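Quick note on labels: first sequence line is chain A, next is B, and so on, each numbered from 1. Here the structure is a predicted model, which is why all the values come from computation and not from measurement.
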Number of protein chains: 2
Amino acid sequence: MSAETITRTETDARTRILTAAARLFAARGLGGVGLREITAEAGVNLAAVNYHFGSKEGLLEALFAQRAKPICEERLRLLALCRAARGRPPMLEQVLDAFLRPAFSLGLEAGVDGATFGKLRARLSVESEELYRRILSRAFDDSTRQFLDAVTAALPDLPSAEVAWRFHFMLGTMIYTMANSGRIQSVTEGALDPSDPDAILARLIPFLTAGFRAPA
Amino acid sequence: MSAETITRTETDARTRILTAAARLFAARGLGGVGLREITAEAGVNLAAVNYHFGSKEGLLEALFAQRAKPICEERLRLLALCRAARGRPPMLEQVLDAFLRPAFSLGLEAGVDGATFGKLRARLSVESEELYRRILSRAFDDSTRQFLDAVTAALPDLPSAEVAWRFHFMLGTMIYTMANSGRIQSVTEGALDPSDPDAILARLIPFLTAGFRAPA
DNA sequence: GTCTATACAGTGATAGAC
DNA sequence: GTCTATCACTGTATAGAC
């Protein structure tokens with residue numbers, strides 16, 4: 001009932017709130033930005049957030065669902081390509097690339113670049129509170145589970161529990177790199193610059209494939 | 001000027017605040033707990049936190065410095081053992097174990113177990129705000145840099161920039177596992193239980209050593 | 001239905017009395 | 001040193017205008 005009657009010249013309040021929230025959350029974190037600032041930037045009344053999204057966390061959930069969608073779709077598209085052109089390079093490399101590449105390169109529509117969304121995603125990923133787990137699960141579990149299956153299939157000799165552990169370790173490298181906390185720059189005194197997706201993947205894929213193929 | 005005159009029968013306010021904050025922060029996160037609850041549990045006045053620690057974040061910094069100390073000390077003790085008994089098992093395995101084991105098993109004094117402190121540490125580790133970076137740097141950089149050097153020495157054929165990247169990836173696996181967000185349980189429907197330090201290390205070390213030894 | 005103004009209970013921080 | 005009182009601010013809820 002909302003798709004028919006729209007012949008808008010400007011974006012509606014809901015979209016403007018989402019855009020402003022994406023920029024501000026990503027830039028300064030969840031706690032670092034208040035609703036008054038978001039609504040001011042979006043040009044709406046303070047109460048509009050609670051009207052449209054129920055709560056600040058409801059807004060976060062909507063934002064996440066929106067941003068995760070293109071990432072998951074691109075993942076599945078690349079996974080289908082893996083299955084079509086199997087063999088060379090080895091399947092494991094192809095599958096890991098299909099999983100990781102969209103996470104590092106996508107998410108940049110509506111004026112918020114992928115890196116800042118990655119930071120937001122990383123923050124949620126280390127949270128154990130039930131609400132945040134649910135948001136991440138809804139957004140990514142389907143896609144993630146398909147890739148866990150694909151990796152398991154690519155490593156037929158490895159016990160599936162072992163594959164799951166290593167997949168978990170891979171998620172850690174991905175999340176921590178997306179977080180781009182600046183910690184590795186601090187330790188290495190600025191030698192690394194984790195911002196170019198291609199450069200990251202060129203380092204990460206060989207590391208991970210070797211780890212996945214380690215003897216159990 | 002504070003170490004001389006103490007002949008206390010009870011712990012002082014500062015310590016009681018730290019203990020209460022450690023428990024509550026770890027259990028419910030930074031934003032999830034207010035100063036009024038901390039001070040109530042510690043049996044002190046609300047203003048005592050700002051008097052003793054300057055701010056809520058000052059309290060966090062003090063808490064972190066206190067907890068990080070035994071971890072770093074144990075790390076360096078184990079690193080010294082590596083150098084004494086070199087050769088078997090291979091140096092890389094020894095060094096990684098020395099780095100990771102204290103992070104997973106220690107931190108449990110003063111009534112807060114290591115796992116909950118690990119969660120708190122993980123949350124800070126993906127934060128890019130300057131303040132949190134500083135807290136982590138002060139607490140861990142010295143120790144971390146020594147281990148980066150030790151790993152570099154154990155991999156003489158690998159360019160040092162490559163070692164730094166892989167070290168960064170290792171930090172990701174460590175932080176994400178410490179966070180224990182429950183995400184891998186969600187994807188695998190509960191097959192994994194990342195709580196026993198020995199079990200984690202038995203999975204993690206082979207994965208990481210294979211990754212570190214991958215051809216550049 | 002959508003939006004606004006306003007009020008409310010909570011937070012961390014702080015000045016100043018004791 | 002410690003405490004009280006208060007400040008500016010937060011997210012949320014609601015009554016009512018269009």
Parallel, tilted or perpendicular: rings of A:W165 and A:F169 (30°, 60°):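 If you compare the ring of A:F169 with that of A:W165, the planes turn out tilted.
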So A:F64 and A:F140, would you call those rings parallel, tilted or perpendicular, with 30° and 60° as cut-offs?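 If you compare the ring of A:F64 with that of A:F140, the planes turn out perpendicular.
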In B/S/- notation, 5' to 3', how is nucleotides 1-14 of chain D contacted by protein heavy atoms closer than 4.0 Å? SBBB-----BBBBB
side-chain contact (heavy atoms from CB on, under 4.5 Å) evaluation trace for B:F53 with B:L63: CA-CA 10 Å; B:F53 301 99; B:L63 196 161; over 6 Å; no
State which residues pass ring-ring contact (aromatic ring centres under 6.0 Å, His included) with A:F147; sequence neighbours excluded, sorted by chain then number.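 If we apply the ring-ring contact (aromatic ring centres under 6.0 Å, His included) test to A:F147, skipping adjacent residues, the hits are A:F99.
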Output, in order, the C-alpha distance, side-chain angles, deciding distance and verdict of side-chain contact (heavy atoms from CB on, under 4.5 Å) for A:R183 and B:S137. CA-CA 8 Å; A:R183 174 133 181 75; B:S137 284; 4.2 Å; yes
